[in-house]
Each structure stands twice: as structure tokens, then as C-alpha cells.
Protein chains: 2
Amino acid sequence: MPIIFDMVGGIISDATVARLPVYLRSLADLPAAQETCSSDQLAGIAGVNSAQVRKDLSHLGSHGTRGVGYNVAELKAQLRKALGLNKGYSVVLIGAGNLGTALANYGGFHDWGFEVAAVLDSDRKKVGRAVGPLKVEELSALESAVRSRGISIGVIATPTEAAQDVADRLTRAGIRSILNFAPAVLQVPEGVEVRRVDLSTELQILTYHISSKADASS
Amino acid sequence: MPIIFDMVGGIISDATVARLPVYLRSLADLPAAQETCSSDQLAGIAGVNSAQVRKDLSHLGSHGTRGVGYNVAELKAQLRKALGLNKGYSVVLIGAGNLGTALANYGGFHDWGFEVAAVLDSDRKKVGRAVGPLKVEELSALESAVRSRGISIGVIATPTEAAQDVADRLTRAGIRSILNFAPAVLQVPEGVEVRRVDLSTELQILTYHISSKADASS
DNA sequence: TAGATTGTTAATCGATTAACAATC
DNA sequence: TAGATTGTTAATCGATTAACAATC
């Protein structure tokens, strides 16, 4: 389990880190005029316990005001800073199929300072095709693209069979952060972080609950 | 926290349920000839502790054989059954943009018995457009589609602003399981399960680690 | 039998949350 | 001041895992 030292010298757990983007997102749902926000209100929007909000935010060295709450603008800035969103990040996207194309065109990327700097595909037929402002490149261009364009994040949107090979290439090129949309469980060296986003896993978790509710009521 | 009774009358935690699809997926990575699989091997592929594998599988009423391991085919069948994958599920997809189209065309759906039975969009310009074997329909067709086509799962692939309204419509139509790709935190009534899949959240978790590693080494 | 591996217990570990003193 | 809300402690709760008897 990765343990990261925060600014105060303590630790921020994975669970807390995973909630920070949700808080940031939740703050956007507040009325624009609202300058201050209580842990209770934020908890309501984010769907968590208010003590948890306060505890999570205390890791940021965030300073709310007792009796008042958190300054919304300040809190947003602190969350952005904690998440490292003050820098820009270049992303390489591998796989220019349906999903890859959708991801490359996804506007939400830019809002948080992410830029798709390269789209690669091993399929010769896709190479050269336009994807947003980019052209699909050969997969063999991966290493040079990563190095020359300062890419720090790899997004895998290939078929399952290709995912492990792509992950290997990414780690060999020095990438330490991978977002994997292929329904594969990747093996990567120590120090490389993989986040797996899998549509079928999510659907299967839903169906588990559907079918166990049906069982319970029969 | 939703607590579900399993076949043995005990409970299966959310964490365990979330690992079941990963085990199922991991079994596919075994050599085709391999008939039996130990918890240790499965743990290696799935990236978890072997005691956890055994504990998780024990909830299924699964019966491995001491000294031998788990019968692969049998275990697959048990996982599928536990996840409710023996039934088919009809899915309504709302939002026929880049992501929605990619999801509708995603082949992995079918592999697990999911069928996209309707694609809806509130944008008149998209209505009528072909998406795979379907035609995009008006959002107002939601309720009748859900009822007449036996739809039990809603997938939201709309812009953020529209997501809450769509969630409201889905729950009003009787949907109890929602997969939400919009970067919104949805408010839904008790008993409705929402799973949120958010690209920017995932990327932000990655950047947290990138930037905190950079801090630690400076 | 000896070796392997499960199923399960008990210990550990970590995460959540209630509660409340501090304080705006 | 009185009311509100934070920051933090301590209690609870739950999840992970080491360990090992059971047993193939």
C-alpha cells in the first residue's frame, strides 16, 4: 500500500486521496454566490460523513474557520494544489478505437490541465487519421514521444490482448502513471501506479446487487 | 453501507464484491490447459493477497480442494453466478456524444450478457442517428423504453449539467442501478445504486501521486 | 505417506465516525 | 454573548492478513 507523506509530515491514505477530487467536484455544485461552506454541506453533496470531510481536509493543512466553515475559493485552491493540478500534464493515449477517440476528444481533460500530446495505435490503418488536433501515430513512436514531449501519464485504450505489451512499453519509456481502460489486470514494476477503469467490472458490480436483491426478496 | 446477504447467510462486503470481477477476469489470463488454480496463483494475477482470495471465494460457497486448488471452470461458473451474470441485462444509454457512442459500440458489453437496448439523447440533432444497430431516440422516450424493453440499468454519458436530471428521470422510471460517466456527484433516493466512473477523478488521483513523489524527492 | 493448499480463526491494521473542547 | 462549526481525539467498526489445523 503506497503511503505518501503530506505537507504536515503525516500521511494521506489512498481512500482520502480518492475523495479529494470528489470534494473539488462537489464545490462546483455550490451556488456561485456562496463564499463559505461547512463540512456538513460539503458532506451532503459529496455523499460522505461530515467528520470525514473535516478529517480529510485537515490533511491538506487546510484552515477552515470555526463557527463559519471553509472559504470556498481557498478550499478549491488548496485541493487543486494538493492534487498537483497547478502543473500541466501531458498524456499519451494508446489505442485510437472508439473509446480512445472519445477520450482524446473529451473536453474535461483540459479543464484540469491535462493535454493529450500523442495518440498512438499499432494498427497501420489508423495511423495518420485525425483525432481532434492530433494525428494518430505508430505505436513505435511511443518512447520518443514520451521523452520529447514531456509526457508523464499513459492512457491505455487498446483491446485487452494488447494492454500488457503497451504497459511494458510505457514503463520502459519511463512512465510511472497509467490509466488503464482495457479489461486487463496489468503487471507492472514496483513504483508504477496503475488505475484500472473497467466498464464490465462496474456493470458486474451493479448486477451483483441486482441479482442479490432479487434473491433476497424471493 | 449496503450489506447484502450471501448464499450462506453471511454478508459480502462491497470490497469483496468489487474484487469478484477482477478474479473472473484474472482467470481468463491462465493458460487454457490449466484446469486447477491455487489461491496463490490467482492472487498473483489479480494483485491481491492470497488469504484474501480464499476469504473472498469462501463467500461464494465455492469449494476448492485442499492440496489442489480451485477448479478453474467451476470457479468461473461460480463467480458468474454470484455476480448475477447468468441472466441478461438490458441497458439504456443516455447521451450519444463521443463517449456514449463509444460505449454503445463497445463489444465487451455483450461478452457478459449486457445489451444496449436504447440510446437516448436530448439533442434533437442527434435523434435518428445510427449508433451500432440502434437509432438514437428522444430523451422523452426514456420511461416507455425502460418499461417496454425490460431495462434494468441506466448508463449516463451526458455532459455534467444534464446528469442529475437524467438520474432523476431514470429513478422515476424505476431504474435502481446507474453507471454514471458524467463528472457529477448524483443525488439519488435510497435503494438506488450509483457507480461513478470519472476520467478526471482518476487522472487527479494519478497526479496527486506524481506531485507528492516530486515533493518528497526535492 | 509427504507435500500442498484450502478454509477459517484470531490478530493486526487501518478507516470511519461520534463526540466534544476549542474558538470564530 | 450565544450559536455555529472546526479540528482532533478516542471509540468503533470493518477489512486485511498471518498462521495453522484440516484434509486432499
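The sequence lines fix the lettering, A, B, ..., with proteins before strands; numbering per chain opens at 1. Since the model is a prediction, treat every value here as computed from it, not as a measurement.
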Nearest whole Å is fine: how far is [N] [atom2] from [X] [atom1]?
X	N	atom1	atom2	value
A:Ile12	C:dT16	CD1	C1'	17 Å
B:Asn71	C:dT6	CG	C1'	14 Å
B:Gln52	D:dT16	CD	C1'	6 Å
A:Gln78	D:dT6	CD	C1'	14 Å
A:Leu75	D:dT6	CG	P	11 Å
A:Asp14	C:dT16	CG	P	11 Å
B:Leu60	C:dT6	CG	P	14 Å
A:Asn49	C:dT17	CG	C1'	5 Å

Contacts table for residues 65-77 of chain B: side-chain donor-acceptor under 3.5 angstrom, sequence neighbours left out:
| unit_1 | atom_1 | unit_2 | atom_2 | d |
| --- | --- | --- | --- | --- |
| B:Asn71 | OD1 | B:Ala73 | N | 3.1 |
| B:Asn71 | OD1 | B:Glu74 | N | 2.9 |

Check this one for me: any side-chain N or O of [X] less than 4.0 Å away from OP1 or OP2 of [N]?
X	N	answer
A:Ser38	D:dT5	no
A:Ser13	C:dG14	no
B:Arg19	D:dA15	no

Task: Pairing of A:Asp165 and A:Arg169 as salt bridge, 4.0 angstrom limit - done: yes
TODO: Under the side chain to side chain donor-acceptor pair (under 3.5 Å) rule, collect the residues that match up with A:Ser200, sequence neighbours excluded.
DONE: A:Asp198
Task: Partners meeting side chain to side chain donor-acceptor pair (under 3.5 Å) with A:Ser38 (sequence neighbours left out) - done: none
Let me have the donor-acceptor pairs involving side chains of residues 97-108 of chain B, under 3.5 Å, with sequence neighbours excluded, atom names and distances please.
| unit_1 | atom_1 | unit_2 | atom_2 | d |
| --- | --- | --- | --- | --- |
| B:Thr101 | OG1 | B:Ala96 | O | 3.3 |
| B:Thr101 | OG1 | B:Gly97 | O | 2.6 |
| B:Asn105 | ND2 | B:Thr101 | O | 3.0 |

Side-chain donor-acceptor contacts of residues 182-190 of chain A below 3.5 Å, not counting sequence neighbours, with atom names and distances?
| unit_1 | atom_1 | unit_2 | atom_2 | d |
| --- | --- | --- | --- | --- |
| A:Gln187 | NE2 | B:Ile45 | O | 3.1 |

Open item on the list: If the condition is ring pair (Phe, Tyr, Trp, His ring centres under 6.0 Å), which residues does A:Tyr89 pass it with, not counting sequence neighbours?
Closed with: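 So A:Tyr89 forms a ring pair (Phe, Tyr, Trp, His ring centres under 6.0 Å) with A:Phe114.
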TODO: Please answer whether the main-chain N or O of B:Ala117 pairs with a side-chain N or O of B:Arg149 as donor and acceptor at a distance below 3.5 Å.
DONE: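 Yes: the side chain of B:Arg149 pairs with the backbone of B:Ala117.
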- [ ] Using the closest heavy atom to pick a nucleotide of DNA chain C for each, name whichever of A:Gly67 or B:Cys37 lands nearer the 5' end.
- [x] B:Cys37
Task: Dot-bracket notation for DNA chain C, counting Watson-Crick and G-U pairs under 3.5 Å, with | for partners on another strand - done: ..||||||||||||||||||||||
- [ ] Determine the contact category for A:Ser39: base if any of its heavy atoms lies under 4.0 Å from a base atom, sugar-phosphate if only primed atoms, P, OP1 or OP2 are that close, otherwise nothing.
- [x] sugar-phosphate
TODO: Could you tell me which residues satisfy salt bridge (charged side-chain N to carboxylate O under 4.0 Å, His left out) with B:Arg80, sequence neighbours excluded, listed by chain and number?
DONE: none
- [ ] Any chance you could list the contact pattern along nucleotides 7-12 of chain D? Use B for base contacts, S for sugar-phosphate-only contacts and - for none, protein heavy atoms under 4.0 Å, 5' to 3'.
- [x] BBBB--
